[in-house]
> 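This is the structure I have questions about; it appears just below.
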Amino acid sequence: MFCRGLTHLRKATLPLAMAAVIFAGTSIALSSTTAAAATSASSSSGVWPGVGKICEPGPGGASSVRGVGAKTINIAEFNDASNTIDPGLEAEFPQQATAFADWCNAAGGINGRKIVIDNRDAALFNAAQQMTAACQSDFMAVGGGMALDQPSVPIREKCGLGQISGYIVSDASVESSLQVDPTGISTSAVTAGWFGAMTKAFPKAVQVAGMGGSDTPSVIESEMKYEFAAEAEGWKVADFLEPPTSVENWAPYVEQYQQKGVTALWPADNANFTPFAQAMTTAGYHPTFVLLGTQFANTQTQQAVAANPSLPPIYVETQWWPLAQASQNPSTEELVTTMHKYAKGDAIDFDDEEGAEAWTLWAKSASACGASLTVTCVLNKAAATTNWDAGGIQAPVAKLTLSNENPQPSPCFALLQLTAKGINYDKKLTAPTQSIWNCNPKNIIHLTAAQLAQLNAL
């Protein structure tokens with residue numbers, strides 16, 4: 001959500017289990033695998049659909065810039081895969097980065113320099129240490145993210161490590177210098193049109209809403225923004241829960257929502273919806289609907305829905321092109337085929353899309369800088385990009401800018417519904433205005449000075 005990863009501690013591993021897309025009425029079934037995409041090899045021509053030629057041969061050349069050699073460019077790939085609380089968290093980032101690097105290098109690299117991926121695994125609690133390591137030898141950080149990123153920010157800024165992020169979490173990171181975020185994430189504006197869509201569809205239910213998030217400063221900060229945004233979209237929040245990062249028993253939290261009479265639920269779930277769904281079934285809790293973040297659009301959640309038939313309708317918001325519709329968007333299809341070719345056996349999920357949007361922007365910008373590759377040049381090229389959507393992988397952003405120069409997020413979103421039979425794009429609920437997206441400018445909620453002050457006091 002938000003920067004897409006502002007609550008990545010809530011993320012479960014999202015295996016790809018999809019293929020053919022079936023249109024029926026107002027829904028598109030998204031339940032099988034992208035078999036067509038998997039059978040066609042990535043072109044390795046250096047041309048990324050919808051973005052252009054971003055990798056090609058060239059002279060390379062000697063450089064005094066950190067991380068840039070005559071024939072190589074070292075890039076930091078941040079993640080938390082080795083942590084023991086949610087093992088494998090963001091493991092997709094180095095997988096996708098390695099696959100993209102192989103794809104790009106096969107086409108000649110960045111003007112003749114081959115990309116070298118340095119896996120910087122923070123394991124949740126070592127963000128500062130991994131940033132310090134990156135500052136010793138890496139040119140930039142591209143396409144990754146750390147769930148507890150706040151301690152790393154001053155270190156990155158001080159050493160001049162530029163970043164085109166996969167996702168960023170804390171406000172300190174969102175507002176940091178030497179960075180372009182491909183989604184245009186902002187500390188003062190929140191894309192939240194999905195809350196308004198649910199208000200329109202279920203006006204009575206949203207009058208008693210339940211929300212929440214893990215009791216971690218970065219997560220609570222972002223979830224409170226969603227509380228403010230939901231209220232601006234007509235929700236009345238009766239209960240906001242703050243469970244610990246790791247929850248073994250969701251029953252007490254489900255019971256509290258139930259006791260408060262919550263009928264519209266954005267649950268305070270960290271990662272895996274299955275235990276939460278089971279707790280709802282055991283308690284006999286039947287709100288009008290449950291709304292989840294995009295990280296829950298996966299087979300695991302769908303199986304939880306199938307195993308608990310008494311659950312109410314389960315919806316998921318997204319600002320990423322649904323992977324099961326990859327065959328209908330050449331850029332997403334290129335991502336899937338690249339992963340199948342260069343990262344065989346790895347699961348594909350929206351983390352890969354987050355990574356790809358950053359990597360394509362970086363490669364496009366770095367290639368435009370020519371042989372004289374510098375952080376300033378790459379960031380300036382990226383920040384000058386207009387109508388950015390990574391060829392359609394993400395919802396379009398009108399104008400990118402440096403993160404410390406008041407970027408504005410995309411207003412666009414789509415809604416999916418999880419059923420026992422699959423994950424369906426809900427066209428009626430989304431009410432698209434552009435492609436599959438609802439891009440009404442009113443979907444962006446600007447936080448008030450009082451709300452920002454409340455967040456700053458956390």
Side-chain angles (χ1 to χ4, degrees), residues 3-5 8-9 11-16 42 55 67 72-106 109-110 114-149 152 156 161-169 173 179 181-182 271 295 298 320 323 334-363 366 390 393:
C3 77
R4 251 333 127 272
H8 251 60
L9 286 179
K11 183 192 75 63
T13 302
L14 313 180
L16 177 66
S42 180
C55 299
T72 58
I73 307 170
N74 284 70
I75 300 294
E77 192 66 25
F78 294 114
N79 63 95
D80 293 297
S82 68
N83 84 88
T84 57
I85 295 176
D86 186 5
L89 184 65
E90 306 133 14
E92 298 88 350
F93 285 145
Q95 292 167 359
Q96 185 275 326
T98 300
F100 180 86
D102 288 345
W103 175 90
C104 185
N105 291 342
I110 303 297
K114 300 299 178 69
I115 301 169
V116 178
I117 303 300
D118 291 330
N119 187 351
R120 304 297 185 187
D121 186 345
L124 280 180
F125 304 108
N126 300 317
Q129 294 93 320
Q130 287 301 315
M131 185 61 72
T132 299
C135 283
Q136 305 308 307
S137 58
D138 291 322
F139 171 57
M140 293 184 68
V142 181
M146 297 176 285
L148 306 180
D149 62 7
S152 71
R156 185 181 65 76
L161 186 77
Q163 176 164 278
I164 295 182
S165 53
Y167 86 91
I168 42 183
V169 182
S173 187
Q179 174 179 269
D181 182 79
Q295 66 269 29
N298 59 61
W320 277 261
L323 281 166
E334 182 71 14
L335 168 61
V336 173
T337 58
T338 296
M339 293 299 293
H340 278 291
K341 182 175 182 179
Y342 295 108
K344 293 179 180 178
D346 288 339
I348 305 174
D349 67 24
F350 91 104
D351 271 345
D352 296 290
E353 294 185 281
E354 285 185 311
E357 70 182 359
W359 274 102
T360 51
L361 178 62
W362 177 84
I393 288 176

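If you're wondering where the values come from, they're calculated on a predicted model, not measured in any experiment.
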> Checking the side chain of Gln179 only, and the main-chain atoms of Ser173 only, is there a donor and an acceptor separated by less than 3.5 Å?
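Answer holds: yes.
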> With side chains defined as the heavy atoms from C-beta onward, is the minimum distance between Asp102 and Lys341 less than 4.5 Å?
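Not touching, per the 4.5 Å side-chain cut-off.
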> For Asp118, give me all partners under side-chain hydrogen bond (donor to acceptor under 3.5 Å, both in side chains), at least two apart in sequence or on another chain.
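Per chain and number, Asp118 pairs via side-chain hydrogen bond (donor to acceptor under 3.5 Å, both in side chains) with Asn74.
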> Identify which one of Asp138, Thr132, Asn126 satisfies the side chain to side chain donor-acceptor pair (under 3.5 Å) criterion when paired with Arg120.
Asp138
> Quick one: list whatever passes side-chain hydrogen bond (donor to acceptor under 3.5 Å, both in side chains) with Ser82, sequence neighbours left out.
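For Ser82 the side-chain hydrogen bond (donor to acceptor under 3.5 Å, both in side chains) partners, ignoring immediate neighbours, are Asp121.
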> side-chain contact (heavy atoms from CB on, under 4.5 Å) for Met131 and Leu161? Distances and angles first, verdict last.
CA-CA 9 Å; Met131 185 61 72; Leu161 186 77; 3.6 Å; yes
> Under 4.5 Å between any side-chain heavy atoms of Thr360 and Phe100, yes or no?
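A side-chain contact under 4.5 Å exists here.
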> What I'd like to find out is whether the side chain of Ile393 reaches to under 4.5 Å of the side chain of Glu334, using heavy atoms alone.
no
> Can you find a pair of side-chain heavy atoms, one from Phe350 and one from Leu323, that are under 4.5 Å apart?
no
> Looking at residues at least two apart in the chain, or sitting in another chain, which of them share a side-chain contact (heavy atoms from CB on, under 4.5 Å) with Ala99?
Thr338, Met339, Tyr342, Ala343
> Rounded to the nearest 0.5 Å, what separates atom NE2 in His340 from atom CG in Leu335?
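Reported value, rounded in 0.5 Å steps: 9.5 Å.
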> Not counting sequence neighbours, which residues clear ring-ring contact (aromatic ring centres under 6.0 Å, His included) with Phe78? List them please.
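Not a single residue meets the ring-ring contact (aromatic ring centres under 6.0 Å, His included) criterion with Phe78.
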> How far apart are the closest heavy atoms of Glu92 and Gly88, and which atoms are they?
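It is OE1-O, 4.3 Å.
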> Could you check whether any side-chain N or O of Asp352 sits under 3.5 Å from a backbone N or O of Asp349, counting only pairs where one atom can act as donor and the other as acceptor?
yes
> From the options Asp181, Asp149, Leu361, select the one residue that forms a side-chain contact (heavy atoms from CB on, under 4.5 Å) with Ser165.
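Between Ser165 and the candidates, side-chain contact (heavy atoms from CB on, under 4.5 Å) is satisfied uniquely by Asp181.
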> Which residues satisfy the side-chain hydrogen bond (donor to acceptor under 3.5 Å, both in side chains) test with Asn119, sequence neighbours excluded?
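Only Asn79 meet the side-chain hydrogen bond (donor to acceptor under 3.5 Å, both in side chains) criterion with Asn119.
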> The criterion is side-chain hydrogen bond (donor to acceptor under 3.5 Å, both in side chains); which residues satisfy it with Ser152, sequence neighbours excluded?
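Residues passing side-chain hydrogen bond (donor to acceptor under 3.5 Å, both in side chains) with Ser152: none at all.
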> Donor-acceptor check, side chain of Asn105 to backbone of Ile115, threshold 3.5 angstrom: yes or no?
yes
> Taking atom CD1 of Ile117 and atom CD of Gln95, what is their separation to the nearest 0.5 Å?
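With rounding to 0.5 Å, CD1 (Ile117) is 12.5 Å from CD (Gln95).
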> Atom CH2 in Trp359, atom CD in Gln96: separation rounded to 0.5 Å?
8.0 Å
> Rounded to the nearest 0.5 Å, how far apart are CD1 of Ile110 and CZ of Phe139?
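Taking CD1 in Ile110 and CZ in Phe139, the distance rounds to 10.0 Å.
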> List the atom of Pro182, the atom of Ala358, and the distance in Å for their closest heavy-atom pair.
CG-CA, 3.9 Å
> Show me the side-chain donor-acceptor pairs of residues 140-147 shorter than 3.5 Å, one per line, residues at least two apart or across chains.
none

> Salt bridge (Lys or Arg N to Asp or Glu O under 4.0 Å): which pairs involve residues 73-82, sequence neighbours left out?
none
